[in-house]
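Each remark here refers to the structure printed beneath this line.
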Amino acid sequence: MMRAWILPILLVLCGSVLAAGLIFSGTVGPAAAVLLVFVLLAAVNSPLLFPRSIGALEAQRRSAADGRPVVFWRPGCKYCFRLRVRLGRSARQLHWVDIWRDPAGAAAVRAANNGNETVPTVVVAGQPHTNPDPAWVRKQLSRSA
């Protein structure tokens, strides 16, 4: 759990230190801008941007029932972020598994990727697809509906 928050916390701390240094040197405007940039970077790299994660076993059970894909992801992954942003509102229709929170999810990703924890790994109808194009994932959603 804590591992997912290390990068966002470090970004906020670094931004705060830089902003404090700028404030002490008398430049308040740039200090506010620097702090805002670091807070936005922290938000982008936090688990808050993604739909609520569930366990791998629960995601597989739900996927078998409704046919929707399962996405294995981890916080801080730029490819996971790209997938999430490009899917937009339809991302909430997928079953998301944070592999840093769920050991079974991490094991499923390693099994699909020759021992590597490469994410995002999207499982559609039992077939894993590593770092698929977001348009393709959206198309899989329309087939499952």
Side-chain angles (χ1 to χ4, degrees), residues 1-64 66 68-124 126-142 144:
M1 166 74 178
M2 185 59 188
R3 188 163 88 172
W5 288 99
I6 290 174
L7 180 60
I9 290 170
L10 286 175
L11 286 168
V12 169
L13 288 175
C14 289
S16 298
V17 168
L18 286 172
L22 288 171
I23 289 172
F24 287 131
S25 69
T27 53
V28 177
V34 165
L35 185 59
L36 178 64
V37 166
F38 275 84
V39 167
L40 289 175
L41 283 171
V44 163
N45 285 291
S46 77
L48 296 176
L49 186 66
F50 289 84
R52 185 179 180 137
S53 290
I54 57 176
L57 298 176
E58 177 65 15
Q60 291 165 349
R61 185 190 66 73
R62 289 182 186 183
S63 179
D66 62 18
R68 293 190 220 159
V70 176
V71 179
F72 294 94
W73 72 286
R74 67 172 171 75
C77 169
K78 65 182 178 180
Y79 302 106
C80 298
F81 176 71
R82 175 185 72 113
L83 178 66
R84 168 63 184 98
V85 169
R86 297 259 319 268
L87 287 174
R89 297 178 87 177
S90 61
R92 298 219 178 267
Q93 297 174 14
L94 299 165
H95 303 293
W96 293 80
V97 179
D98 180 351
I99 66 168
W100 281 359
R101 284 185 164 184
D102 185 39
V109 170
R110 285 192 302 272
N113 294 300
N114 299 320
N116 297 313
E117 289 186 354
T118 308
V119 289
T121 298
V122 179
V123 178
V124 178
Q127 295 296 323
H129 304 275
T130 305
N131 198 13
D133 183 74
W136 179 84
V137 175
R138 192 176 298 111
K139 193 179 297 182
Q140 302 311 306
L141 265 175
S142 64
S144 67

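Bear in mind that the values here come from a model prediction, so they are computed numbers and not experimental data.
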Heavy-atom donor-acceptor pair, T27 side chain to L22 backbone, under 3.5 Å = yes
Which atom pair, heavy atoms only, marks the closest approach of L141 to P69?
-> CD2-CD, 4.0 Å
Heavy-atom closest pair (V70 atom, A59 atom, distance to 0.1 Å) is CG2-O, 3.6 Å
Grab the two heavy atoms, one from A56 and one from D102, that are nearest each other, plus how far apart they are.
-> N-OD2, 2.7 Å
Got V71 and H95 here, is their nearest side-chain heavy-atom distance under 4.5 Å?
-> no
side-chain hydrogen bond (donor to acceptor under 3.5 Å, both in side chains) evaluation trace for N113 with T121 | CA-CA 9 Å; N113 294 300; T121 298; 3.0 Å; yes
Residue among L94, V122, D98 satisfying side chain to side chain contact (heavy atoms under 4.5 Å, CB included) with W73 | D98
V137 and P132, any side-chain heavy atoms less than 4.5 Å apart = yes
Indicate yes or no: at least one non-hydrogen side-chain atom of W100 is less than 4.5 angstrom from one of P75.
-> yes
Would you mind reporting whether W136 and H129 have side-chain heavy atoms less than 4.5 Å apart?
-> yes
Distance-minimising heavy-atom pair for L83 and P120 = CD2-CB, 3.9 Å
What one should report as the nearest heavy-atom pair of F72 and A108 is CZ-CB, 4.0 Å
Taking atom SG of C80 and atom CD1 of I99, what is their separation to the nearest 0.5 Å?
-> 7.5 Å
State the OG-CD distance between S63 and Q60, to the nearest 0.5 angstrom.
-> 8.0 Å
From CZ (R74) to OH (Y79), nearest 0.5 Å = 10.5 Å
Do we see a donor-acceptor contact under 3.5 Å between the side chains of N131 and T118?
-> no
For the atom pair CD (Q93) and CZ (R138), what is the distance rounded to the nearest 0.5 Å?
-> 10.5 Å
Roughly how far, to the nearest 0.5 Å, is the CG atom of L11 from the CG atom of L40?
-> 11.0 Å
Return yes if some donor-acceptor pair links the side-chain N/O of R84 with the main-chain N/O of G88 below 3.5 Å, else return no.
-> yes
Report the distance from atom CG of L10 to atom CZ of F38, rounding to the nearest 0.5 Å.
-> 11.0 Å
Heavy atoms of A31 and I23 approach each other most closely as CB-CG1, 3.6 Å
Close side-chain approach of R68 to V124, heavy-atom, < 4.5 Å = no
